[in-house]
Amino acid sequence: MSTLQTTAQNLKKEFPKSFTVTVTNPLQEERQDVMVFLKADELKKAASAFNPKAFVVLDGKSEIASQYNLRKDDHEGLVVILDKMAAGKSRKLTIRYSETGEKPRTYTKRTQAELSHKVGGEFQNRKYVNGQKFVNVDSLRVPDEVTDHSFYIRYEGPGWESDKVGYRFYLDWRNGTDVYGKTTKEMVLQNVGQDGYDSYHKLQDWGMDVLKVGKSLGVGTLAMFDAGKANRVEKTDSMISVIRENGNVYSSIVTDYYGWKVAGHVLDVNSRLNIHAGSRLTQHLVSLKGGIPQNLSTGVIKDKKAKLHTNKGDQEQWGYIASYGKQSLNGAGDNLGIAVIFRPQDFQEFTEDDHSHIVRLTPTGGKLEYYFLAAWELEPEGITTEEEFLKYLDKTTRELANPVQVKIAKR
């Protein structure tokens, strides 16, 4: 008997209950690293005794990586990553579970989210001094003293990454999104900024900060276009950031901004940033309270060394605003592509200000969804030409317009 057969039999004994899930690729082209999400309520309908603390997902007789998001919100449920899906084909997965107990599985960590700040010191003139070490936390209400370069939060904000790329945003008045280019598929954020507060601005063994944000939108920064410019989430009463998920295949950061004062509005903003294994994309889900403005905007930094590309999208693909060229901060002149991807029905216009290329979008019911991404030439199996980057964008936008179809077989 083969090892695979023996393993399958052992799993059947350990997880005696089961149901199946069929995943279909509607596109007539292969797709890679496909995320499948099964909501908690859908799982309960299919198998009322399903135990999220004791389960395994099988593709045939092979176990595949998965995780369960236990937080009680819209993202509670089971996440599975499929390495690839053939054009127009389906794959049947078997979910086996035990009705009782806890039986965690171990998989390669392919995503991460973290937030770390110094302890043991104090603020003096808005700088954190005499701090002893950085400590990772699950959540942080940002102290009122925090500003840019307060030396309190490690790399100045939360970070999140996949095995493709890393990101951070400044958890202070700037609220801009930055990019960590990676030269490895391993998780690296836990080491960033530990050997010197901003050492990541120079090429390290793992990679580096590759994007200059400054006063711009970096890539995907939330803003509102008013009075001829993109206004980032700058003037707020308070901010609370939470590491919502830090999983092997899916990670998420939720940040609440209270009292965002912009263009005559005072808004509360809930921001959720999600990333999954094998993907460069960050999904940004935004929810507003206190009013519905005429636009929410985002975009990419202006750089003379990069060429701008735009597409409004249509029924077959989402739209994008992107740039590609030698805009990496690495002195070697390597290429970097950055992009924001949006629903065509949300599109208002492409515009610009002194610092950024901008897309204005319409929030519906106080909500907005868009994605952003970065592709650095020096990443493993990286995109190295403008033509390749545009092909990647076109394929990605088609995939977003045509998500995989998921059907759970009821027991």
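Nothing fancy with the numbering, it's 1 onward along the sequence.
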Discussion item. Parallel, tilted or perpendicular, judged at 30° and 60°: which one describes the rings of F37 and H75?
Written reply: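 Answer is tilted, since the angle falls between 30° and 60°.
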
Worksheet item: Mind checking whether F19 and F50 have parallel, tilted or perpendicular rings, split at 30° and 60°?
Response: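 Correct class here is perpendicular.
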
Discussion item. What verdict does the side chain to side chain donor-acceptor pair (under 3.5 Å) test give for N231 and D226, after you've listed the backbone C-alpha separation in whole Å, the side-chain angles of each residue and the deciding distance to 0.1 Å?
Written reply: CA-CA 7 Å; N231 299 272; D226 181 67; 4.8 Å; no

Between [X] and [Y] (salt bridge meaning N to carboxylate O under 4.0 Å), is one present in this structure?
| X | Y | result |
| --- | --- | --- |
| K302 | E352 | yes |
| R71 | D74 | no |
| E29 | R398 | yes |
| D41 | K39 | no |
| D354 | K215 | no |
| K185 | E381 | yes |

Exam field: side chain [X] to backbone [Y], donor-acceptor pair closer than 3.5 Å:
| X | Y | value |
| --- | --- | --- |
| S323 | L308 | no |
| D256 | I240 | no |
| Q132 | G121 | no |
| R168 | Y155 | yes |
| Q204 | K202 | yes |
| N270 | V286 | no |
| R360 | T351 | no |
| S98 | T100 | yes |
| N402 | P26 | no |

Quiz question: by atom type and distance under 3.5 Å, do the side chains of [X] and [Y] form a donor-acceptor pair?
| X | Y | value |
| --- | --- | --- |
| Y257 | N175 | yes |
| E63 | Y107 | yes |
| Q317 | T397 | yes |

Calculate, to the nearest 0.5 Å, the distance between atoms [atom1] and [atom2] belonging to [X] and [Y] respectively.
| X | Y | atom1 | atom2 | answer |
| --- | --- | --- | --- | --- |
| R343 | L400 | CZ | CG | 8.5 Å |
| M187 | S162 | CE | OG | 6.5 Å |
| T22 | R91 | OG1 | CZ | 12.0 Å |
| Y258 | R141 | OH | CZ | 10.5 Å |
| E388 | N335 | CD | CG | 10.5 Å |
| Y170 | D148 | OH | CG | 10.0 Å |

Which heavy atom of [X] sits nearest to which heavy atom of [Y], and what is that distance?
| X | Y | value |
| --- | --- | --- |
| S216 | V213 | OG-O, 2.7 Å |
| L115 | P158 | CD1-N, 3.8 Å |
| M85 | V34 | CG-CG2, 4.1 Å |

Discussion item. According to ring pair (Phe, Tyr, Trp, His ring centres under 6.0 Å), does anything in residues 273-293 pair up with another residue at least two apart or in another chain? List the pairs.
Written reply: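 For residues 273-293: H284-Y370.
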
Worksheet entry | Step-by-step side chain to side chain donor-acceptor pair (under 3.5 Å) determination, S328 to D334 | CA-CA 6 Å; S328 163; D334 35 81; 2.6 Å; yes

Discussion item. I'd like to know whether the aromatic ring centres of Y371 and Y320 sit less than 6.0 Å apart in this structure.
Written reply: no

Worksheet item: How about F342 and F347: are their ring centres within less than 6.0 Å of each other?
Response: yes

Pairwise side-chain contact, [X] with [Y], heavy-atom cut-off 4.5 Å (strictly under):
| X | Y | answer |
| --- | --- | --- |
| D209 | D178 | yes |
| T282 | L373 | no |
| Y68 | L43 | yes |
| S297 | M224 | no |
| R31 | V404 | yes |

Worksheet item: K289: what forms a salt bridge (charged side-chain N to carboxylate O under 4.0 Å, His left out) with it, not counting sequence neighbours?
Response: none

Practice prompt. Using the salt bridge (charged side-chain N to carboxylate O under 4.0 Å, His left out) rule, take K261 and E234 through it: C-alpha gap first, then chi angles, then the decisive distance, then the call.
Written response: CA-CA 8 Å; K261 300 170 182 64; E234 179 177 342; over 6 Å; no

Discussion item. For a salt bridge (charged side-chain N to carboxylate O under 4.0 Å, His left out) check, start with the C-alpha distance between E30 and K89, then their side-chain angles and the critical distance, and finish with the verdict.
Written reply: CA-CA 9 Å; E30 183 180 273; K89 299 297 184 179; over 6 Å; no

Discussion item. Is there a side chain to side chain donor-acceptor pair (under 3.5 Å) between W206 and T183? Walk through the geometry before answering.
Written reply: CA-CA 5 Å; W206 57 266; T183 57; over 6 Å; no

Worksheet entry | Chi angles and distances behind the salt bridge (charged side-chain N to carboxylate O under 4.0 Å, His left out) call for K164, E379 | CA-CA 7 Å; K164 293 283 190 182; E379 69 189 37; 5.4 Å; no

Worksheet item: Would Y97 and F55 count as a ring-ring contact (aromatic ring centres under 6.0 Å, His included) if you check the C-alpha gap in whole Å, the side-chain angles of each, and the deciding distance to 0.1 Å?
Response: CA-CA 4 Å; Y97 63 96; F55 74 94; 9.1 Å; no

Discussion item. Test salt bridge (charged side-chain N to carboxylate O under 4.0 Å, His left out) on R280 and D33; report intermediate values, then the result.
Written reply: CA-CA 11 Å; R280 297 182 178 90; D33 293 302; over 6 Å; no

Show me, pair by pair, the donor-acceptor contacts under 3.5 angstrom made by side chains of residues 246-253, not counting sequence neighbours?
| unit_1 | atom_1 | unit_2 | atom_2 | d |
| --- | --- | --- | --- | --- |
| N246 | OD1 | K109 | NZ | 3.1 |
| N246 | OD1 | A113 | N | 3.2 |
| Y250 | OH | N274 | OD1 | 3.1 |
| S251 | OG | T111 | OG1 | 2.8 |
| S251 | OG | Q112 | N | 3.4 |
| S251 | OG | G247 | N | 3.2 |
| S252 | OG | R272 | NE | 2.9 |
| S252 | OG | R272 | NH2 | 3.3 |
| S252 | OG | L273 | O | 3.4 |
| S252 | OG | N274 | OD1 | 2.6 |

Worksheet item: Is NZ or CZ of K118 both nearer than 6.0 Å to the six-membered ring centre of F151 and within 45° of the ring axis?
Response: no

Item to complete: Determine, step by step, whether Q348 and T362 satisfy the side chain to side chain donor-acceptor pair (under 3.5 Å) criterion, reporting the C-alpha distance in whole Å, the side-chain angles of both residues, the deciding distance to 0.1 Å, and the verdict.
Response: CA-CA 7 Å; Q348 290 186 10; T362 301; 2.8 Å; yes

Discussion item. Under the ring-ring contact (aromatic ring centres under 6.0 Å, His included) test against Y180, which residue among Y167, W376, Y200 passes?
Written reply: Y200

